[in-house]
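Scroll down for the structure; my scribbles are underneath it.
Owing to the predicted nature of the structure, the values given are computational and were not obtained by experimental measurement. Along the sequence shown, residues carry numbers from 1.
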Amino acid sequence: MTILLRRVEDPLPFDPLDEQTMLPAVWSGEHVGLRLVEAMQTLRLLPGEGHGSRSAWPPYLYEFDDLVEQQRQGELERTQQIQNRTRVSPSLTEISRMEMVIWWPMHFLMFGAPHLAESVMWVSHAYSIQRDAEWVVRKRGGFADTWRARHAHGCEIIAEGLVAEKVRVF
């Protein structure tokens with residue numbers, strides 16, 4: 001008697017940077033890390049980030065002669081780009097997720113492993129501004145491998161806590 005077995009292809013690994021990837025069935029450390037980075041990015045988009053109050057007026061009013069001189073020097077386009085820059089505000093969904101996610105390291109790690117909470121927050125912040133663990137080393141000291149390992153371990157602990165508390169995966 002011959003039994004035919006069909007080879008099942010290994011599923012593609014979860015890529016946290018790929019928006020088309022389906023959500024995992026349960027929380028994983030990688031997915032928690034992705035949500036923390038998104039929360040940090042949303043936090044940076046909120047108004048009033050250490051700038052105090054802002055005015056609607058431009059920082060400098062250019063006279064016609066100033067604009068003519070900038071045109072001669074080839075700087076007019078750059079000045080116009082700076083003046084026409086707009087700040088995109090995050091959506092209500094993004095802000096709600098950020099408020100939910102941003103406290104996870106403190107909730108799940110602070111009392112049992114504060115060094116993991118620190119690593120999770122610093123490395124997530126670095127990833128949110130397109131930096132890596134080497135940037136964290138320059139800011140905080142230590143070794144990049146240690147920061148990455150603690151970040152990964154902390155995200156795994158958070159994922160286990162989210163599963164235990166039956167938090168819906170998003």
Side-chain angles (χ1 to χ4, degrees), residues 5-55 59 81-82 85-170:
L5 295 175
R6 185 172 64 93
R7 182 172 178 248
V8 178
E9 295 295 322
D10 293 332
L12 294 174
F14 176 70
D15 182 5
L17 300 178
D18 183 10
E19 291 294 326
Q20 301 302 319
T21 304
M22 294 186 56
L23 290 175
V26 295
W27 285 103
S28 67
E30 292 176 4
H31 196 67
V32 166
L34 169 68
R35 293 299 174 228
L36 284 164
V37 170
E38 287 176 353
M40 295 289 188
Q41 290 170 338
T42 301
L43 186 61
R44 290 177 47 80
L45 291 175
L46 292 176
E49 181 191 315
H51 300 290
S53 61
R54 288 190 179 180
S55 172
Q81 286 176 348
I82 291 170
R85 197 172 25 190
T86 59
R87 186 179 185 108
V88 178
S89 297
S91 69
L92 178 62
T93 304
E94 292 171 328
I95 293 171
S96 299
R97 280 186 176 182
M98 183 265 310
E99 288 176 340
M100 184 185 314
V101 170
I102 204 78
W103 70 278
W104 288 349
M106 297 301 124
H107 177 67
F108 293 108
L109 302 173
M110 192 58 190
F111 297 111
H115 62 286
L116 294 181
E118 179 184 23
S119 296
V120 167
M121 295 301 285
W122 272 99
V123 174
S124 295
H125 173 64
Y127 291 163
S128 74
I129 59 172
Q130 283 76 40
R131 303 288 197 282
D132 59 1
E134 295 293 335
W135 179 82
V136 179
V137 168
R138 287 192 298 278
K139 295 286 183 184
R140 305 288 296 168
F143 299 99
D145 290 338
T146 304
W147 284 101
R148 278 190 289 272
R150 287 180 177 173
H151 175 265
H153 184 59
C155 287
E156 288 295 332
I157 292 172
I158 292 171
E160 291 170 9
L162 293 171
V163 170
E165 291 186 4
K166 297 182 177 139
V167 175
R168 184 182 59 86
V169 178
F170 57 88

Does any non-hydrogen side-chain atom of [Y] lie less than 4.5 Å from one of [X]?
X	Y	answer
M40	I102	yes
E38	R35	yes
M98	P90	no
F108	L116	no
R150	V123	no
I158	W27	no
R97	T42	no

Decide if the gap between the ring center of W135 and the ring center of Y127 is smaller than 6.0 angstrom.
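Distance test on ring centres: not under 6.0 Å, no.
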Looking at L46, L45, L43, which hits side chain to side chain contact (heavy atoms under 4.5 Å, CB included) with I95?
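With I95 as partner, L46, L45, L43 yield a single side chain to side chain contact (heavy atoms under 4.5 Å, CB included), made by L46.
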Where is the tightest heavy-atom contact between [X] and [Y], given as atom of each residue plus distance?
X	Y	answer
V169	A25	CG2-O, 3.8 Å
V101	A39	CG1-CB, 3.8 Å
H151	S124	NE2-OG, 3.3 Å
V120	G154	CG2-CA, 3.8 Å
A117	P105	CB-O, 3.9 Å
A133	A144	CB-O, 3.8 Å

Please report the interatomic distance CE(M110) to CE(M121), rounded to the nearest 0.5 Å.
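The CE atom of M121 is 10.5 Å from CE of M110, to the nearest 0.5 Å.
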With under 30° as parallel and over 60° as perpendicular, where do the rings of W103 and H107 fit, or are they tilted in between?
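Correct class here is perpendicular.
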Got more than 12 heavy atoms from elsewhere within 6.0 Å of CZ, F170?
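Buried by this count: over 12 neighbours within 6.0 Å.
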Chi angles and distances behind the side chain to side chain contact (heavy atoms under 4.5 Å, CB included) call for W147, E118
CA-CA 9 Å; W147 284 101; E118 179 184 23; 4.2 Å; yes
